[in-house]
Each structure stands twice: as C-alpha cells, then as structure tokens.
There are 2 protein chains.
Amino acid sequence: MTINTIPLQHALKHNHNECVSEAMATAEHLCMERGVQLTPIRHKVLELIWESHKAVKAYELLDRLKPLQKAAKPATIYRALDFLIDQGLIHRVESLNAFVGCRCSSYQHEQLLLICKHCEEVEERSAKEVMSALSEDTQKAGFTIHSKAIEIHGICKNCQNLTIDQNQSVIL
Amino acid sequence: MTINTIPLQHALKHNHNECVSEAMATAEHLCMERGVQLTPIRHKVLELIWESHKAVKAYELLDRLKPLQKAAKPATIYRALDFLIDQGLIHRVESLNAFVGCRCSSYQHEQLLLICKHCEEVEERSAKEVMSALSEDTQKAGFTIHSKAIEIHGICKNCQNLTIDQNQSVIL
DNA sequence: TGTTAAATGCTATATTATAAATTCTGCTCT
DNA sequence: AGAGCAGAATTTATAATATAGCATTTAACA
Ligand SMILES: [Zn+2]
Ligand SMILES: [Zn+2]
Ligand SMILES: [Zn+2]
Ligand SMILES: [Zn+2]
C-alpha cells in the first residue's frame, strides 16, 4: 500500500466540464448584458483559470497563454485579470497572490474562501452568519466596510477523507 | 476652512509612547520566557513597526533600518519579520503585503484586521462571534482550519468623525 | 576552550506587479 | 470613403516584493 503523493485533483471526481461551460456561459452572458467586451484574450485567460479549482498565479497563466498568444507579456495577463476581477468573474486570493474562478458571479455576493493546503483547491462560501457577525462587530467599532478578504487555510473535506481512507497514513 | 489632506496620525491623539513601551516590554518578556533571542536587529525592527499603527512594508522598514544597521539587506528584514511573526509579535497583512504590531501577543488569539483606507491604520479585533460563526461554517464544510486571514478594508471611526467635523466635506 | 547552533552578512536571483508610450482595431460621424 | 475617437493590445522598461545558498560571526554551553 503506497501513499498517494500525486498532486490531487478533486476536480476529477466531478464533471468539471460542467463547471467550465457554466462559468464561461455566465461570463459571456454577463459581459453581453453589461456592454463590456469579453475579448478573445480575456476569454482565454478565464478558461485557463477555470482549468481547475486551484488558485493560479499570474505568471503561470502567462506561461500557459503564451503558446496561444505569442505576444503575451505580464501586462497582457494583468490587464485581463483586472478586467475579470472588475466584472466579478474571478477572485484574487490575497494570501496566495493568485486567482480563482468565481462560481456565483451572476449575483452580488460576499464570500469567504476555504483554501486547502493539500490539494490547493479553493472553495467559495457565502457564510451568511459569518458576514452578519462581521457587520455587527465592525459597526460596534464604528468602521465602514468597503471590501473584505476572508481567507481560511487548512485541509478540505476530500483531503481529510483521503488520508483516512489510506490506512491512517495521515501525513498532514 | 481647508480640508485636511495631511497624512493622518490618529496615534497623535493618544499616548502612543505607552503603546510602544508596552509592546516592547511584552516582547522582551515573552522572548525571555520562551528562551528565544530578541536580538538588537529584531528589537529595532519591532520598534520601527511600532512607530505607528499603520501597516508597514518590508522595504520601507529596510530603508529605516539602514541608517542604524549599515549591513541591512532585504534578507535582514525578512528574517527579522519571520521571527517576529513566529513569536506572534506582529501580524502580516496579506492584502497589503505589509506588517503591523500585535497588541495582544501575550495570549493566544485569533483576530480580524480593520484596515482604514484613509489613515491606513490597522485595528485588531478578536470578534468572538465572527470566529465562532466561522468555526461553525467551516465545520459544515468539513474543513479543518489551520490559519485565518480576515482583513476588512474601509473607513475607521476616527476618519469618519473627521470628515463629519469638517463641515460635511466628505470626500471618501 | 572547543563545539555547536543560531544569527547575520553577502551576493545573487526569483517572483509579482506596474508605468508609459505606441500601435492596432472597431466604431461613429460627416 | 475617410477622419476622428476610444478601448484594447503591444512593447519596453522597471518597480516592488521575496527567497536561496553559502560564508562568516556570535553566543550558548559542556
Ligand atoms: Zn469543477
Ligand atoms: Zn484538499
Ligand atoms: Zn498607539
Ligand atoms: Zn482612518
């Protein structure tokens, strides 16, 4: 019995094509509606981000974009990322300097991010109770919120089950 | 009546010397107790961080340390910062790539950070209700927490009052 | 005092991000 | 059609943040 040390892809356990096609359809629809351009570069960058549920680094995106877009430079990626963030189609993960697709870009939302140290996947949660507790506490402090970055690092459900499955070989 | 555009220092409104001396005394005491060395460099870096309640950048610290420590290089600062973070004497503000003194390093704590866009000061809050709501939500998700970065950006109480004081010249 | 581990010095480089000027591209107005 | 315009992309350069690896110094302590 060997311990699985291959980079995990829980995405393989679900139909990730659905995630991608849904995300791209939503993006196309929202941009159309808003009269902003989801240009080929922006579209491609969004697809690259959606290749997995992991947060992805700007320069990693650049490397992956280059074969398709010979002229791609850092500014190419960062301008695309700025656009996608402005449109709420992706989130920036501050504590990783990385970017992840947003699953609920079609409506206004606040979210917290659960970031797995093991598989590196990021799960977005609306956590209403957390947000209202937060509103209350900041109000007490007389503080007016403009934006939030709530990023929780740890081990996700899938990874926990995985280590239990593997004969108690817990190496986390 | 002119609008105050000078960088704000709410620290001037309280006896900040007390903040500093308390923080340094606590640091010295904790390091002693733990058998770790608060070396002159580490001590100085901590003092530099405590010059205000703003989050301060690593290279800004470096510039301020150089006159006192001619050999100071990036690694000098980053090593001191690593030590101070390990000892819980400062916090890293992920969304700013900056560092701020911790006011409650003497006991275990979780905190959220209120970061003012106007005066740039950072207030640390324990926000028990937020933390327990968070525990509950992550538990639901089957996620095991290792660490948290909860960073709220907005306008602090002092800055709000300030703009009200100034004849409704609210420019935020 | 000799040994050792921690801390610092030193040099180089990796990684992340932005600035500024120019060119391209698609659109509108005449 | 052609001038004018605005958004997007290119290009070049550089700023800002952070780490690696190895040499040297310092401090703890047996
Ligand atoms: Zn998926
Ligand atoms: Zn995981
Ligand atoms: Zn103070
Ligand atoms: Zn303020």
Side-chain angles (χ1 to χ4, degrees), chain A residues 27-28 30-32 34-49 54-87 89-100 120 149 151, chain B residues 27-28 30-46 48-49 54-87 89-100 120 149 151:
Chain A
E28 286 159 16
L30 284 177
C31 289
M32 186 73 75
R34 293 169 182 169
V36 296
Q37 300 177 54
L38 189 61
T39 64
I41 289 177
R42 290 163 178 178
H43 192 276
K44 191 65 211 175
V45 170
L46 185 56
E47 279 181 338
L48 290 172
I49 290 172
K54 298 183 185 188
V56 57
K57 302 264 185 180
Y59 278 74
E60 192 184 326
L61 288 171
L62 179 55
D63 288 341
R64 294 208 245 139
L65 181 62
K66 271 178 180 163
L68 306 155
Q69 187 73 19
K70 297 291 163 66
K73 298 279 182 320
T76 314
I77 288 293
Y78 280 104
R79 275 187 295 103
L81 291 171
D82 285 347
F83 171 87
L84 296 170
I85 289 169
D86 285 347
Q87 297 302 321
L89 301 172
I90 63 172
H91 297 300
R92 181 182 158 87
V93 185
E94 300 290 351
S95 52
L96 296 176
N97 296 329
F99 305 86
V100 70
E120 298 172 32
E151 305 181 357
Chain B
E28 286 159 16
L30 284 177
C31 289
M32 187 73 76
E33 206 172 56
R34 293 169 183 169
V36 296
Q37 299 179 55
L38 188 61
T39 63
I41 289 177
R42 292 163 177 178
H43 192 277
K44 191 66 211 173
V45 170
L46 185 56
L48 289 173
I49 289 172
K54 299 183 186 189
V56 57
K57 302 265 183 177
Y59 278 75
E60 191 184 325
L61 287 171
L62 179 54
D63 288 341
R64 295 207 243 139
L65 181 62
K66 271 178 179 162
L68 307 154
Q69 187 74 17
K70 297 293 164 69
K73 297 279 183 318
T76 314
I77 289 292
Y78 281 103
R79 280 198 289 233
L81 291 171
D82 284 347
F83 171 85
L84 296 170
I85 289 169
D86 284 348
Q87 297 302 321
L89 301 172
I90 64 172
H91 297 300
R92 181 181 158 86
V93 185
E94 300 289 351
S95 52
L96 296 176
N97 296 329
F99 305 85
V100 70
E120 299 171 31
E151 306 181 358

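Since we're looking at a predicted model, the values are computed, not measured. Convention: sequence-line order gives letters A, B, ...; per-chain numbering from 1.
When heavy atoms are screened at a 4.0 angstrom cut-off, B:E60 is found touching no nucleic acid atom at all.
Counting distance only, with no hydrogens placed and no angle test, the side-chain atoms of B:Y59 and the base atoms of D:dA18 include a donor-acceptor pair under 3.5 Å.
Between atom CD of residue A:E94 and atom CD of residue B:E94 there is a gap of 8.5 Å, rounded to the nearest 0.5 Å. One distance of note links CZ of B:R42 with CG of B:L81; it measures 11.0 Å at 0.5 Å rounding.
In this structure, B:L65 atom CG and C:dT8 atom P are separated by 11 Å, rounded to whole Å. Atom pair B:I77:CD1 and D:dA16:P shows a separation of 16 Å (rounding to whole Å applied). Rounding to whole angstrom units, CG of residue A:L38 and P of D:dA9 are separated by 10 Å. Atom-to-atom, CZ of A:F83 to C1' of D:dA9 comes out at 14 Å; the value is rounded to the nearest Å. A straight line from CG of A:D63 to C1' of C:dT16 spans 13 Å, rounded to a whole angstrom. The distance from atom CG of B:L61 to atom P of D:dA18 is 11 Å, rounded to the nearest whole Å. The CG-C1' distance, from B:D82 to C:dA6, rounds to 14 Å in whole Å. Across the protein-nucleic acid pair, B:L96 atom CG and C:dA17 atom C1' stand 15 Å apart, rounded to whole Å.
The phosphate of D:dT17 (OP1 or OP2) has a side-chain N or O of B:K57 nearer than 4.0 angstrom. Contact annotation: B:T39 side-chain N/O to C:dA6 OP1/OP2 distance is not under 4.0 Å. Taking side-chain N and O atoms only, B:R92 has a distance below 4.0 Å to OP1 or OP2 of D:dA18. For D:dT17, the OP1/OP2 oxygens have no side-chain nitrogen or oxygen of A:N97 closer than 4.0 Å. Proximity of A:K73 to the phosphate of D:dT12: no side-chain N or O atom is located under 4.0 Å from OP1 or OP2.
Among B:L48, B:I41, B:L46, the single residue meeting the side chain to side chain contact (heavy atoms under 4.5 Å, CB included) criterion with B:K44 is B:L48. Looking at A:L84, A:I77, A:I85, A:V45 one by one, the single match for side chain to side chain contact (heavy atoms under 4.5 Å, CB included) with A:F99 turns out to be A:I85.
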- Chi angles and distances behind the side-chain hydrogen bond (donor to acceptor under 3.5 Å, both in side chains) call for A:Q87, A:R34: CA-CA 9 Å; A:Q87 297 302 321; A:R34 293 169 182 169; 2.9 Å; yes

- Query: When every nucleotide of nucleotides 21-30 of chain D is labelled 5' to 3' by its protein contacts under 4.0 Å (heavy atoms), B for base, S for sugar-phosphate only, - for none, what sequence of letters results?
  - Reply: ----------

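The listed nucleotides are C:dG9, D:dT19, D:dT11; the one nearest the side chain of B:P74 is D:dT19. The side chain of B:A71 approaches C:dG9 more closely than any other nucleotide in the set C:dA17, C:dG9, D:dA9.
Both B:K70 and B:V36 lie near DNA chain C, and the one whose nearest nucleotide falls closer to the 5' end is B:V36.
In this structure, the side chain of A:R92 does not engage the main chain of A:N97 through any donor-acceptor pair within 3.5 Å. With hydrogens and angles ignored, the 3.5 Å screen pairs a side-chain donor or acceptor of B:K57 with a backbone N or O of B:L96. Formation of a donor-acceptor pair under 3.5 Å by the B:E151 side chain with backbone atoms of A:A149 is not found in this model.
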